[in-house]
Amino acid sequence: MISLGRTSFLNNAGVSELYSSVSSRQRRYAASLKVVASTSRAGDRNGTVVMESVVKETGEALAAVEVEQESAVGGGVHDVYGEDTATEDQYVTPWSVSVASGYTLLRDPRHNKGLAFNDKERDAHYLRGLLPPAVASQELQTYAFSTHQVKKMMHNLRQYQLPLHKYMAMMDLQERNQKLFYKVLIDHVEELLPVVYTPTVGEACQKYGSIYMRPQGLYISLKEKGKILEVLRNWPERNIQVIVVTDGERILGLGDLGCQGMGIPVGKLALYTALGGVQPSACLPITIDVGTNNETLLNDEFYIGLRQKRATGQEYAELMHEFMSAVKQLYGEKILIQFEDFANHNAFDLLAKYGTTHLVFNDDIQAGTGIAELIALEIAKQTNTPVEEARKKIWLVDSKGLIVSSRKESLQHFKKPWAHEHAPVKTLVDAINDIKPTVLIGTSGVGRQFTKEVVEAMATINEKPIILALSNPTSQSECTAAEAYTWSQGRAIFASGSPFPPVEYEEKVFVPGQANNAYIFPGLGLGLLMSGTIRVHDEMLLAASEALASQVTPEDFKKGLLYPPFTNIRKISAHIAAKVAAKAYELGLATRLPQPKDLVKYAESCMYSPSYRSYR
Ligand SMILES: NC(=O)C1=CN([C@@H]2O[C@H](COP(=O)(O)OP(=O)(O)OC[C@H]3O[C@@H](n4cnc5c(N)ncnc54)[C@H](OP(=O)(O)O)[C@@H]3O)[C@@H](O)[C@H]2O)C=CC1
Ligand SMILES: CC(=O)C(=O)O
Ligand SMILES: [Mg+2]
């Protein structure tokens with residue numbers, strides 16, 4: 001398709017001559033048309049305009065406008081698009097508009113400013129009458145009668161009782177006014193993170209079929225096998241830098257949500273922008289639909305995915321391979337791909353297979369089960385001991401009990417390095433009493449595993465037991481904040497994957513932290529992108545966690561916080577990005593040369609700003 005955008009006219013002498021030769025009425029009609037080129041090629045889509053064709057097609061369009069002006073359906077209404085006069089069995093063209101002016105401008109989330117268009121812009125961009133007279137500002141203004149869009153949005157959001165309604169209102173805002181969405185999210189990150197991300201995004205995924213309104217990302221299903229490259233080209237943006245992709249099989253701790261897992265890549269990418277400053281237009285959420293084994297969804301009349309059991313084995317591997325190849329072919333070597341919420345039987349294989357050919361990471365493995373490996377690597381680094389020795393300080397418990405050497409044969413490959421010498425132990429509480437750990441980390445995906453007995457055992461062994469209940473969403477958390485503080489008599493240092501409100505225990509207020517990979521992946525991503533890194537290395541993940549740790553202040557520690565507040569997240573992300581980039585340069589994996597002198601400043605300068613621009 002070719003866009004008859006006003007900017008296209010102004011940018012080309014030939015076209016602008018044509019433009020000036022037609023009446024203003026015709027111009028307005030032309031501006032509201034999109035011409036489908038008869039020689040439509042993949043490269044011409046979405047506004048990559050071949051000017052020669054534009055001149056030809058523009059002429060045809062204007063001629064068509066003249067003809068249409070003559071014909072009218074009953075009541076004198078001009079049937080410009082030919083839709084009203086077509087009978088139901090005739091084909092009609094789905095005319096649409098891509099000119100960023102007038103009504104279209106208000107419908108373009110990337111450029112829409114809503115009531116914040118000033119009078120001059122309203123005149124220049126054909127907005128008069130399309131907006132009520134009030135002129136609002138995005139931020140608080142001092143002059144009288146100005147309304148304030150962020151304040152109004154927060155006021156409206158706070159009226160909703162149900163988190164899902166807040167989520168839907170935020171998604172609606174993202175579709176309506178992208179800059180305002182990010183401004184609101186950045187300015188109220190502590191309040192809105194639980195809305196656009198965990199826990200609410202979990203509920204949104206469960207009900208995605210019912211609340212689905214508009215595409216927020218690309219769906220690539222088995223039906224698209226053999227044409228994934230074409231499907232990728234259907235996405236309206238060209239300069240994609242980061243893809244978050246899921247196959248929906250392990251959505252948070254909620255299990256297989258099939259195609260409805262789309263909420264997760266959408267939410268993660270919103271955080272790439274809000275928390276890490278990656279341009280929204282550079283972000284592409286993707287859901288790979290190979291079916292679902294979730295019977296409830298398969299029988300749900302509103303389910304939006306393929307109604308079949310999951311494809312596995314070669315069929316699955318081939319689709320993923322076509323996808324990974326197509327992504328690299330279209331976007332190049334430096335496209336960052338984050339694998340998200342894949343079940344572990346695919347996640348490890350995908351990461352191993354594509355880790356050497358693509359810029360990929362998996363924030364669940366590399367911040368979930370892989371927590372153990374990263375801690376071992378850090379211990380090895382700090383104590384100058386072999387990583388094999390460091391691993392012996394970490395013990396894992398799964399659904400069958402303590403992971404010990406006698407179980408080695410039957411263990412999945414990623415558990416084997418943790419099978420230490422020990423007698424079999426069936427329960428978590430027995431394992432704690434035997435091993436006497438200082439830190440307890442829960443990533444079981446199953447709620448309520450940290451029982452009173454478990455927390456009490458930790459509190460008996462440790463003066464200050466560190467208890468991290470990382471499973472998401474809140475319903476799957478291993479214990480609540482209140483339980484951790486109460487059962488440890490206020491001694492636990494607690495953080496959870498999804499946030500809990502402050503807890504009052506014996507007249508003292510405890511503020512729980514949020515231990516979530518959202519602290520890491522936006523800054524990690526920014527660091528990889530800004531340095532033009534071509535592969536992710538474990539040392540970059542360690543650099544990211546060290547950078548995060550360095551942002552925790554003595555005041556935070558005094559409050560029992562292991563993590564800095566999310567309110568400072570953009571500053572934190574800039575530090576993480578700088579450390580990741582520095583490591584990439586050190587390892588010779590960065591391609592952006594020369595290396596910027598001050599990487600923190602450079603990271604900050606790369607960050608997307610949600611402030612409105614003035615339109616000429
Ligand atoms: N806060 C954060 O940033 C993050 C949180 N998560 C959360 O972690 C959870 C798990 O994710 P992930 O590691 O990918 O899931 P997996 O399914 O890969 O792993 C879950 C592990 O927990 C074990 N398990 C299950 N039930 C029990 C039990 N009753 N007692 C002890 N262990 C048990 C499983 O053992 P078995 O193999 O025997 O079944 C398995 O080893 C999810 O809820 C996810 O939301 C994930 C990534 C980041
Ligand atoms: C946070 C996250 O990535 C998860 O729970 O899966
Ligand atoms: Mg995840």
Side-chain angles (χ1 to χ4, degrees), residues 193-194 196-202 205 244-257 261 263-269 271-272 275 338-351 361-374 395-403 407 410-416 418-419 425-432 440-451 454 468-479 495-500 512-522 524 541 544-545 548 562-563 566:
L193 209 53
V196 300
Y197 189 53
T198 184
T200 312
V201 71
C205 288
V244 175
V245 58
T246 188
D247 72 354
E249 192 167 5
R250 197 286 276 144
I251 294 298
L252 309 175
L254 300 171
D256 183 351
L257 297 185
I264 297 293
V266 168
K268 291 265 175 188
L269 283 164
L271 304 196
Y272 262 97
L275 279 48
Q338 176 174 330
F339 289 126
E340 187 65 40
D341 289 4
F342 283 77
N344 62 36
H345 55 93
N346 288 319
F348 285 92
D349 292 349
L350 287 171
L351 192 62
F361 74 100
N362 177 319
D363 75 341
D364 299 308
I365 297 177
Q366 291 169 310
T369 320
I371 289 170
E373 184 64 13
L374 286 177
W395 293 81
L396 265 54
V397 172
D398 66 9
S399 63
K400 297 177 189 67
L402 191 64
I403 293 181
R407 292 181 53 195
S410 60
L411 289 173
Q412 289 152 296
H413 66 89
F414 50 88
K415 293 182 185 170
K416 287 187 199 276
W418 311 98
V425 178
K426 278 263 174 267
T427 66
L428 177 59
V429 72
D430 287 345
I432 292 171
L440 182 63
I441 304 175
T443 60
S444 62
V446 183
R448 331 306 302 159
Q449 293 307 305
F450 295 172
T451 56
V454 165
L468 308 178
L470 301 195
S471 292
N472 296 313
T474 315
S475 58
Q476 311 309 110
S477 189
E478 281 76 7
C479 68
S496 52
S498 302
F500 281 102
Q514 188 176 353
N516 197 291
N517 54 27
Y519 272 113
I520 293 288
F521 68 78
L524 172 67
L541 302 170
S545 44
L548 174 62
L562 293 173
Y563 297 88
F566 263 115

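Positions are given from 1, in the same order as the sequence printed here. Just so you know, ligand 1 is whichever comes first in the structure, and atom 1 is the first atom listed for that ligand.
- Annotation: S399 places an N or O atom under 3.5 Å from an N or O atom of ligand 1; distance criterion only.
- With rounding to the nearest 0.5 Å, the separation of OG in S498 from CD in Q476 is 9.5 Å.
- Q338 and D363 are linked by a side-chain donor-acceptor pair at a separation below 3.5 angstrom, with hydrogens and angles left out of the test.
- Atom CG of N362 is separated from atom CG of N517 by 9.5 Å, given to the nearest 0.5 angstrom.
- Looking at L470 next to ligand 1, an N or O pair under 3.5 Å apart turns up.
- Of all atoms in ligand 2, numbered sequentially from 1 with element shown, those under 4.0 Å from a heavy atom of Y197 are 1 (C).
- Heavy atoms of L470 found under 4.0 angstrom from ligand 2: none, in either backbone or side chain.
- Of the polar atoms of A515, at least one N or O is found under 3.5 Å from an N or O of ligand 1, judged by distance alone.
- When you scan the N, O or S atoms of D364 for the one nearest the Mg ion (ligand 3), you land on OD1.
- A distance of 4.0 Å separates CD1 in I251 from OG1 in T246, rounded to the nearest 0.5 Å.
- Taking every heavy atom of S471 and a limit of under 4.0 angstrom, the matching atoms of ligand 1 come to 7 (C), 8 (O), 9 (C), 43 (O).
- Annotation for ligand 2: atoms under 4.0 Å from non-hydrogen atoms of L252 are 4 (C), 5 (O), 6 (O).
- Contacts of I264 with ligand 2, taken as heavy-atom pairs under 4.0 Å, are absent altogether.
- Scanning both residues, V196 and V201, for their nearest heavy atoms gives O-CB, 3.9 Å.
- Below 3.5 Å of separation, one finds an N or O of Q449 facing an N or O of ligand 1.
- Near D364, the atoms of ligand 1 lying under 4.0 angstrom from a non-hydrogen atom of the residue are 46 (C), 47 (C).
- By the criterion of a heavy-atom distance under 4.0 Å, neither the backbone nor the side chain of F521 is placed next to ligand 2.
- With ligand atoms numbered from 1 in the order given, ligand 2 contributes 3 (O) to contacts under 4.0 Å with heavy atoms of E340.
- Rounding to the nearest 0.5 Å places CG of L252 at 7.5 Å from OH of Y197.
- Only one option out of L257, N344, N346, D364 pairs with R250 in a side chain to side chain contact (heavy atoms under 4.5 Å, CB included); it is D364.
- Taking OH from Y519 and OG from S545, the interatomic distance works out to 14.0 Å, rounded to the nearest 0.5 Å.
- Within ligand 1, counting atoms from 1 as listed, the ones closer than 4.0 Å to a heavy atom of G497 are 1 (N).
- In terms of distance to the Mg ion (ligand 3), the nearest N, O or S atom of D341 is named OD1.
- The part of N516 lying near ligand 2 is the side chain, judged by heavy-atom distances below 4.0 Å.
- Each of the following atoms of ligand 1 lies closer than 4.0 Å to a heavy atom of G253: 42 (C), 43 (O), 45 (O).
- Short contacts between ligand 2 and D364, defined as distances under 4.0 Å to a heavy atom of the residue, involve ligand atoms 2 (C), 3 (O), 4 (C), 6 (O).
- Under 4.0 Å is where a charged nitrogen must lie from a carboxylate oxygen, and between D398 and K415 at least one such pair does.
- The N, O or S atom of E340 with the smallest distance to the Mg ion (ligand 3) is OE2.
- Side-chain atoms of P199 and N472, non-hydrogen and from C-beta on, never get closer than 4.5 Å to each other.
- Legend: residues meeting side chain to side chain donor-acceptor pair (under 3.5 Å) with S444, ordered by chain and number and at least two apart, are E478.
- Close approach of ligand 1 to Q412 (heavy-atom distance below 4.0 Å) involves ligand atoms 37 (O).
- Of all the listed residues (V397, N472, V446), N472 holds the heavy atom that lies closest to atom 45 (O) of ligand 1.
- For the residue pair N516 / Y563, no side-chain donor-acceptor distance below 3.5 Å is found, with atom types taken as modelled.
- Ligand 2 places these atoms under 4.0 Å from at least one heavy atom of D341: 6 (O).
- Atom CD1 of I403 and atom CD of Q412 lie 8.5 Å apart (nearest 0.5 Å).
- F342 meets the ring-ring contact (aromatic ring centres under 6.0 Å, His included) test with F339; sequence neighbours excluded.
- The option with the heavy atom closest to atom 3 (O) of ligand 2, from among R250, Q476, K268, is K268.
- Residue K415 has at least one heavy-atom neighbour below 4.0 Å for each of these atoms of ligand 1: 35 (O), 36 (P), 37 (O), 38 (O), 41 (O).
- Relative orientation of the F521 and Y272 rings is tilted, given thresholds of 30° and 60° on the angle between their planes.
- Of all heavy-atom pairs between F566 and A518, the closest is CZ-CB, 4.2 Å.
- Checking L428, I520, N344, I441 against atom 16 (P) of ligand 1, the nearest heavy atom belongs to N344.
- Counting protein heavy atoms only, atom 5 (O) of ligand 2 is closest to N472 ND2, 2.7 Å.
- Counting heavy atoms only, R250 comes closest to atom 44 (C) of ligand 1 of the residues R448, Q476, E249, R250.
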